[in-house]
Amino acid sequence: MKKIIYLLLFFTFFLFLQVLKGEIYLEESIVIIIYLSINFFAKNFKLRFDNIFLPQNLAFLVFFIRLYFLPCLGLFFDYRIFSETRNTESELIFKSYTITLLMYFSFIIGWETFYLKSRTKAIVKQIYLLNYKKIKIISGLYFFFGLTALLLYYQNYNDYFTRIFIVILDDRLTEKTSFLEYLSSLAIYFLPFAVFGFVNLIDVNNKSKLSKNIILIISIFFVLLFSLNSNRQSMVYPLLALLAGFSTFIKFKPLPSIFIAFMMLYFLFVFGNIRVKDEFDVNNSSKNTQEIVNDIQVYAGGSQMIAPIFKMKQKKFTIFNSFISSFPIIGVPFREGSGVKLYNYLFYGWYNGNQDQIFLTQAECYVNGGYLLIFIFFIIVGYYYSYLNQLYIVNLNSQFFYRVSLFYIVLLFNSTILLSFQVIGQFLFYNSLPALIILFYYKKNKS
């Protein structure tokens, strides 16, 4: 009964917004009705406030933003691509929404399937522990490897910060990539985990509330310092994993956490503007409301980011190329036929080497196999996302080092519904390595 009331309140609020606008938006209304209806039948997929850093909350927010928040924005603002004055045709916008709705419906089928036949009981609650000596060794090796790679590649701290904030870097490796460049690209993923290990050694849980907050602030500083990179996800994901680890020590209240999250997003937008410009003029950096909405729509994977695929006359087979193209050296020949190159050609109308726009997974599934592939792929994604969610929940009493590593893997897996196949490959071949090594070591030495 409570669920029905909440859903009715959300729909009533959407109707109220249309009254304020003085116009009925049929397409957005249909999207909202279908989205809320799917939520009604989803018994095990909901937002939880007892611990905001749960995998299911990540997935819930992705779909809530795309299928409720963005349609609400669509009532008042145009579906534009960046600051272009032309709007994406409403017919293509609605067709794009149907792809995201099918993605969500399939995801929910997979999610709920996991809860059938007592599959959740197959995940045994277990406390994963390592003795402090082993944690010291792992953290020390990660720190030594990461810091050595950075010191060899960057001449000094000034060079380190300059390359990040001024020089536009291409994170993808090519045939000409030096061994030091490869090591430096891995270092930024290992160093934050060295910080996680050192935090584990402090035994935060037995500290006072003030001490816990001080340790958290210091940890955030070092995680950001060691993960500075032209790729913003490489900074945000370790930070979110750190906060998830501390969520069992410190009770994060939803409203302050949401405020901090918005501040982080603002920082990321500003950082993005700085790093893609040779000169950053603070006086000319302000944006109007429409431009801010454009940024939100683009980064949230709005429907106008799917619309370009309908320009295609025939199906393409790009998923394998997109996935393997991120693999060091070996993946280079596959980039020519990758989805990201195809998509950026469709997005800009020509191809000049830019690969800055990601090819959303649901859009690339449609290009490769139509609605059927979307249906099949996201059922699988929903099932394994539900598995990871349950695995994380039953292991909340495990060591900080283990929990942070597991949540980090969940963040990377979230790319299956948030980002692209190319990014999934990048996460697997680069970002996931330090976390997978730690989880493997815990599994090997389980108590």
Asker: Check whether any side-chain N or O of N39 sits under 3.5 Å from a backbone N or O of L7 as a donor-acceptor pair, and report yes or no.
Answerer: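 Side chain of N39 to backbone of L7: no pair is present.
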Asker: Just wondering, more than 12 heavy atoms not from F60 lying within 6.0 Å of its CZ?
Answerer: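 Correct, the count exceeds 12.
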Asker: Do you know which two heavy atoms are closest between P71 and I32, and how far apart they sit?
Answerer: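 Minimum heavy-atom separation between P71 and I32: CB-CD1, 3.9 Å.
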Asker: For Y35 and F63, I'd like to know if the aromatic rings sit close, meaning centre-to-centre distance below 6.0 Å.
Answerer: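 That pair fails the under 6.0 Å test.
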Asker: What do the steps show when you test F378 against L102 for side-chain contact (heavy atoms from CB on, under 4.5 Å), and what is the final call?
Answerer: CA-CA 9 Å; F378 286 104; L102 177 59; over 6 Å; no
Asker: Suppose we screen for side chain to side chain donor-acceptor pair (under 3.5 Å). Which residues come up paired with Q362, at least two apart in sequence or across chains?
Answerer: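 Testing Q362 for side chain to side chain donor-acceptor pair (under 3.5 Å), a comparison that skips the adjacent residues, returns none.
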Asker: If you define the side chain from C-beta out and look only at heavy atoms, does anything of F421 sit under 4.5 Å from S415?
Answerer: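 Heavy-atom side-chain distance check fails, nothing below 4.5 Å.
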Asker: In Å, rounded to the nearest 0.5 Å, how long is the span from CZ of F69 to CG of L61?
Answerer: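 Reported value, rounded in 0.5 Å steps: 11.5 Å.
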Asker: Distance-only, no hydrogens or angles: does the T416 side chain make a donor-acceptor pair with backbone N or O of F413 under 3.5 Å?
Answerer: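 At least one qualifying donor-acceptor pair exists.
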Asker: Answer yes or no: does atom CZ of F440 have more than 12 heavy-atom neighbours from other residues, nucleotides or ligands under 6.0 Å?
Answerer: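 It does not: F440 CZ has 12 such atoms or fewer within range.
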Asker: What's the shortest heavy-atom distance between T248 and G245, and which atoms?
Answerer: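 Closest approach of T248 to G245, heavy atoms only: OG1-O, 3.3 Å.
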Asker: Report the distance from atom CG of L360 to atom CG of L418, rounding to the nearest 0.5 Å.
Answerer: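 Nearest 0.5 Å value for the CG-CG distance: 8.0 Å.
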Asker: When you measure from the side chain of T148 to the backbone N and O of F144, does any donor-acceptor pair fall under 3.5 Å?
Answerer: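 Indeed, once roles are kept as given, a pair shorter than 3.5 Å links the two residues.
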Asker: Is the number of heavy atoms from other residues, nucleotides or ligands under 6.0 Å of K136 NZ greater than 12?
Answerer: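 No, not enclosed.
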Asker: Restricting to non-hydrogen atoms, name the atom on S405 and the atom on L439 that form the minimum distance, rounded to 0.1 Å.
Answerer: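 Scanning both residues completely, I find the closest heavy atoms to be CB-CD2, 3.9 Å.
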Asker: Can you find a heavy atom in the side chain of W111 that is under 4.5 Å from one in the side chain of Q56?
Answerer: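 W111 vs Q56: side chains touch.
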Asker: Quickly, which of F107, F377, F114, Y115 forms a ring pair (Phe, Tyr, Trp, His ring centres under 6.0 Å) with Y383? Name it, please.
Answerer: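 In the set F107, F377, F114, Y115, the residue that makes a ring pair (Phe, Tyr, Trp, His ring centres under 6.0 Å) with Y383 is F114.
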Asker: For the CD atom of Q390 and the CG atom of L54, what is their distance to the nearest 0.5 Å?
Answerer: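 Answer for the CD-CG pair, Q390 versus L54, is 10.5 Å.
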Asker: Does the side chain of M103 come within less than 4.5 Å of R66's, by heavy atoms?
Answerer: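 When only atoms from C-beta onward are counted, M103 and R66 do touch, with a gap below 4.5 Å.
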Asker: Looking at R403 and Y392, would you say the former's side chain and the latter's main chain have a donor-acceptor pair under 3.5 Å?
Answerer: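 No, because the side chain of R403 does not come within donor-acceptor range (under 3.5 Å) of the backbone of Y392.
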Asker: When you look at L141 and I137, which way does the side-chain contact (heavy atoms from CB on, under 4.5 Å) test go after all the steps?
Answerer: CA-CA 6 Å; L141 288 174; I137 293 173; 3.9 Å; yes
Asker: Count the heavy atoms belonging to other residues, nucleotides or ligands that lie under 6.0 Å from CZ of F45, then report whether that count exceeds 12.
Answerer: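 Buried by this count: over 12 neighbours within 6.0 Å.
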Asker: Mind listing the closest non-hydrogen atom pair of V410 and P55 along with its distance?
Answerer: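 Distance-wise, the nearest heavy atoms are CG1-CB, 3.5 Å.
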Asker: Which heavy atom in A435 sits nearest to a heavy atom in I409, and how many Å separate them?
Answerer: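 Looks like CB-CD1, 3.8 Å.
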Asker: Between S303 (side chain only) and S96 (backbone N and O only), is there a donor and an acceptor less than 3.5 Å apart?
Answerer: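 No; judged by distance alone, with no hydrogens or angles, the pair does not exist.
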Asker: Distance from T361 atom OG1 to I424 atom CD1, nearest 0.5 Å?
Answerer: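 With rounding to 0.5 Å, OG1 (T361) is 6.0 Å from CD1 (I424).
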Asker: Do the side chains of Y402 and N395 get nearer than 4.5 Å, heavy atoms only?
Answerer: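 With C-beta onward as the side chain, the pair touches.
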Asker: Quick one: CG on L67 to CD1 on I38, what's the gap to the nearest 0.5 Å?
Answerer: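 Interatomic distance, L67 CG to I38 CD1, rounded to 0.5 Å: 7.5 Å.
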Asker: Backbone N or O of E112 within a donor-acceptor pair of the N44 side chain at under 3.5 Å?
Answerer: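 Not at all, since once roles are kept as given, no pair shorter than 3.5 Å links the two residues.
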Asker: Establish, yes or no, whether a centroid distance under 6.0 Å links the rings of Y68 and F10.
Answerer: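 Ring-ring flag for Y68/F10: true, centres closer than 6.0 Å.
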Asker: Could you walk me through whether F143 and F226 pass side-chain contact (heavy atoms from CB on, under 4.5 Å), step by step?
Answerer: CA-CA 10 Å; F143 184 76; F226 289 141; 3.9 Å; yes
Asker: Are Q399 and Y442 linked by a side-chain donor-acceptor pair shorter than 3.5 Å?
Answerer: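 The criterion, which ignores hydrogens and geometry beyond distance, is satisfied for Y442 and Q399.
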Asker: What's the verdict on ring-ring contact (aromatic ring centres under 6.0 Å, His included) for Y408 and F193, showing C-alpha distance, side-chain angles and the deciding distance?
Answerer: CA-CA 10 Å; Y408 185 79; F193 282 87; 4.9 Å; yes
Asker: Given the rule in the side-chain contact (heavy atoms from CB on, under 4.5 Å) test, do T113 and I379 qualify, once you have shown the distances and angles that lead to the verdict?
Answerer: CA-CA 9 Å; T113 299; I379 285 179; 5.5 Å; no
Asker: Are any side-chain N or O atoms of Y366 and backbone N or O atoms of I99, one a donor and one an acceptor, separated by less than 3.5 Å?
Answerer: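 No.
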Asker: Can you list everything that forms a side chain to side chain donor-acceptor pair (under 3.5 Å) with T318? Sequence neighbours excluded, please.
Answerer: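 T318 satisfies side chain to side chain donor-acceptor pair (under 3.5 Å) with E364, N368 once adjacent residues are dropped.
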Asker: Using the benzene-type ring in the case of Trp, are the ring centres of F323 and F429 under 6.0 Å apart?
Answerer: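 Yes, ring centres under 6.0 Å apart.
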Asker: Please examine the side chains of K43 and I108, heavy atoms only from C-beta on, and report whether any two atoms are closer than 4.5 Å.
Answerer: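 The answer is no; the side chains never approach within 4.5 Å.
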Asker: Do N414 and Y385 get their side chains close enough for a donor-acceptor pair, meaning under 3.5 Å?
Answerer: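 Checked: N414/Y385 side chains pair up, N/O donor to acceptor below 3.5 Å.
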Asker: Within the supplied structure, the quantity of interest is the number of heavy atoms (other residues, nucleotides, ligands) at a distance under 6.0 Å from K46 NZ; does it exceed 12?
Answerer: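 No.
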Asker: Let me confirm one number: the CG-CG distance from L240 to L58, rounded to the nearest 0.5 Å.
Answerer: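 Rounded to the nearest 0.5 Å, the CG-CG separation comes to 7.5 Å.
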Asker: For the backbone of K207 and the side chain of S211, can you confirm whether one donor and one acceptor N or O come within less than 3.5 Å of each other?
Answerer: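 Checked: no pair found.
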Asker: For residues S432 and F427, determine if any side-chain heavy atom of one lies less than 4.5 Å from a side-chain heavy atom of the other.
Answerer: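 With C-beta onward as the side chain, the pair stays apart.
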Asker: Going by atom type alone, with no hydrogens or angles, which donor-acceptor pairs under 3.5 Å involve a side-chain atom of residues 194-203 and a protein atom two or more places apart or on another chain?
Answerer:
from: N200; atom 1: OD1; to: F400; atom 2: N; distance (Å): 3.4
from: N200; atom 1: OD1; to: F401; atom 2: N; distance (Å): 2.8
from: D203; atom 1: OD1; to: N206; atom 2: ND2; distance (Å): 3.4
from: D203; atom 1: OD2; to: N206; atom 2: ND2; distance (Å): 2.6

Asker: Could you pull out the closest heavy-atom pair between I138 and I438, with the gap in Å?
Answerer: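 For I138 and I438, the tightest heavy-atom pair comes out as CG2-CG1, 4.3 Å.
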Asker: Going by heavy atoms in the side chains, are I319 and L373 under 4.5 Å from each other?
Answerer: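 Of all side-chain heavy-atom pairs linking L373 with I319, at least one is under 4.5 Å.
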Asker: What I'd like to find out is whether the side chain of I437 reaches to under 4.5 Å of the side chain of Y142, using heavy atoms alone.
Answerer: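 Side-chain contact under 4.5 Å: yes.
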